[in-house]
Amino acid sequence: MPRFALKFPYFIIVACLMLCIVGVDLVTRMPVDLFPPVKIPVVVVATFYPGMPAEEIERDITSPFERFFTLATGISKITSNSMTGVSLVKITFQPGFDPNAAVTSISNLAMADLRRLPPGTLPPVVLPFDASSLPVCLVTLNDPSLTEAQIRDLGQYQVRQELAVVPGASVPQPFGGQYRQIMVYVDPLKLNAYGLSLMDVVDAVNSGNVIVPSGDVKIGPDDYDLFTNSQINRIRHINDIPLKAVNDRVVTIGDVGYAKDAHAIQYNVVRVDGQPSVYLPILKQGGDSNTISIVNGVRHILRHLYDVPKSLIAKVVFDQSIYVKDAIDNLLHEGLTGLILTGLMILVFLASPRATIGVFLSIPLSVLATFIVLAYSGGSINVMILGGLALVFSRVIDNSVVVLENIL
């Protein structure tokens, strides 16, 4: 019995140390996010047919998809929205249905029904609808010395590729700016004079700008590759593409118009401090992605961009991790304040250093034990958990004071 009494305090000390080590290790590796992970069995199917009116989108694309998606199991309801050139179908499944199985089922049905859609319809995009669809931060790019088309090209082909290496980050296409295109402008009066139409120009450009596989030729002991690359590499060469022959004369695109390095019609505009800009939304992938580490990685990449103009201004204008950091800082501040005040109150009014040490140990250990349970149950550090812990701190402190007062 005396031997057990001597060893028991050492066992408590070892257990507390193990709890601290395991708890701190798990807390540093737990995913941090604004909200807890919620598996919502909702799938969105987006189908595009540029230029088609909303009425025809509803009749020829949305309605066939709605009827065909009823073949999937576990569906709760189907809603849709038809706009000019875009069909959106939202499928909600029964609670508890596997989100991955929902995406797979709808994807298979969408691909199977694609052959029934009008010719020229782009393949549907099937996406799960969850909290990760919201960006964790927004990156803006602007440069007064560049055009909007050049800024968009930098964002899409350079900055976007560098940000894609951040662990847990997903970088979609940029918004704003002008999408660079080689445009051919023609004079309708000249087209009419030569008996041509716009489709004649389109067909001539398509047929005159191709790569045709040519194979190889064997001459003696050597085997040579043949190249018949007729892809145009200079904009001015587009003007030399023939359209038709009139009176022993070849009519080219340059006779009815001209080619220019321009941009497509701009449908969205981004301005930062009045300057033309482009922004890149940074999304969080699933799994154990950490919002704070993603934003920190994005900021690090932006400080070390390479192969971009030095005048390019890249900065984060929206940061979701700020709210998570503020919640963590508030929890630590309030918890530490309550712990110190409780220890001082017990030391002054109860005059028990031993009880004071017990309070200083019990509250942090109880918090670490909570995080250990959360980590092994697949939870994350988020504002909901931190808010709950802030409320629990007051309860733990009250219980500590009441129990120690009654004991002593």
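When a residue number appears, it is its place in the shown sequence, counting from 1.
Contact detail for L117 and I61: the closest heavy-atom pair is CD2-CA, 4.1 Å. Heavy-atom minimum distance, F318 versus P135: CE2-O, 3.5 Å. Summarising the geometry of V89 relative to I78, their closest heavy-atom pair is CG1-CG2, 3.8 Å, with the distance given to 0.1 Å. Contact record, R271 with P276: NH1-CA, 3.4 Å, taken as the closest heavy-atom pair. Taking both residues in full, the closest heavy atoms of P167 and I294 are given as O-CG1, 3.5 Å, listed atom of the first, atom of the second, then distance.
In this structure, the side chains of T47 and V86 stay at 4.5 Å or more apart for every pair of heavy atoms. Contact of the L312 side chain with the K310 side chain is not registered, since no non-hydrogen atoms from C-beta on lie closer than 4.5 Å.
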Hey, can you pull the donor-acceptor pairs under 3.5 Å for the side chains in residues 90-101, sequence neighbours left out?
from	atom 1	to	atom 2	distance (Å)
D98	OD1	N100	N	3.3

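Every residue was checked against the salt bridge (charged side-chain N to carboxylate O under 4.0 Å, His left out) condition with D200, not counting sequence neighbours, and none meets it.
Checked by atom type and distance alone, the side chain of S105 never pairs as donor or acceptor with a backbone atom of A102 at under 3.5 Å. Listed for the Y49 side chain is a donor-acceptor partner under 3.5 Å among the backbone atoms of P119. The backbone N or O of N233 sits nowhere less than 3.5 Å from a side-chain atom of H237 that would complete a donor-acceptor pair. Under the 3.5 Å distance criterion, the side-chain polar atoms of N206 are matched with a main-chain donor or acceptor of V202. With hydrogens and angles disregarded, a donor-acceptor distance shorter than 3.5 Å links the side chain of R152 to the backbone of P174. For the pair D216 (side chain) and Y224 (backbone), a donor-acceptor distance under 3.5 Å is absent. Without hydrogens or angle criteria, R160 side chain to P172 main chain gives a donor-acceptor distance under 3.5 Å. Formation of a donor-acceptor pair under 3.5 Å by the E56 side chain with backbone atoms of P53 is not found in this model. A donor-acceptor distance shorter than 3.5 angstrom exists from the side chain of S63 to the backbone of E58, with no hydrogens or angles considered. Looking at N209, its side chain does come within 3.5 Å of a backbone N or O of I232 through a donor-acceptor pair.
Distance CG/L305 to CD/E162: 5.0 Å, rounded to 0.5 Å. We find the CG-OG1 distance between D60 and T121 to be 8.0 Å, quoted to the nearest 0.5 Å. A distance of 4.0 Å separates CG in N142 from OG in S277, rounded to the nearest 0.5 Å. Considering NZ of K284 and OG of S321, their distance stands at 12.5 Å, rounded to 0.5 Å. Rounding to the nearest 0.5 Å places CG of L141 at 7.5 Å from CG of L154. The structure places CD of Q156 at 4.5 Å from CD of Q173, a figure rounded to the nearest 0.5 Å.
In this structure, a donor-acceptor pair under 3.5 Å is absent between the side chains of S80 and T62. Side-chain polar atoms of D240 and T252 form no donor-acceptor pair below 3.5 angstrom. If you check the side chains of Q266 and E148, you find a donor sitting under 3.5 Å from an acceptor.
Counting only residues at least two apart or in different chains, ring-ring contact (aromatic ring centres under 6.0 Å, His included) contacts with residues 162-206 comprise F175-Y279, Y185-Y258.
Ion pairing of R299 with D319 is present here, as a side-chain N (NZ or NE/NH1/NH2) and a carboxylate O approach within less than 4.0 Å. R249 and D255 are joined by a salt bridge, as a carboxylate oxygen and a charged side-chain nitrogen come within less than 4.0 angstrom of each other.
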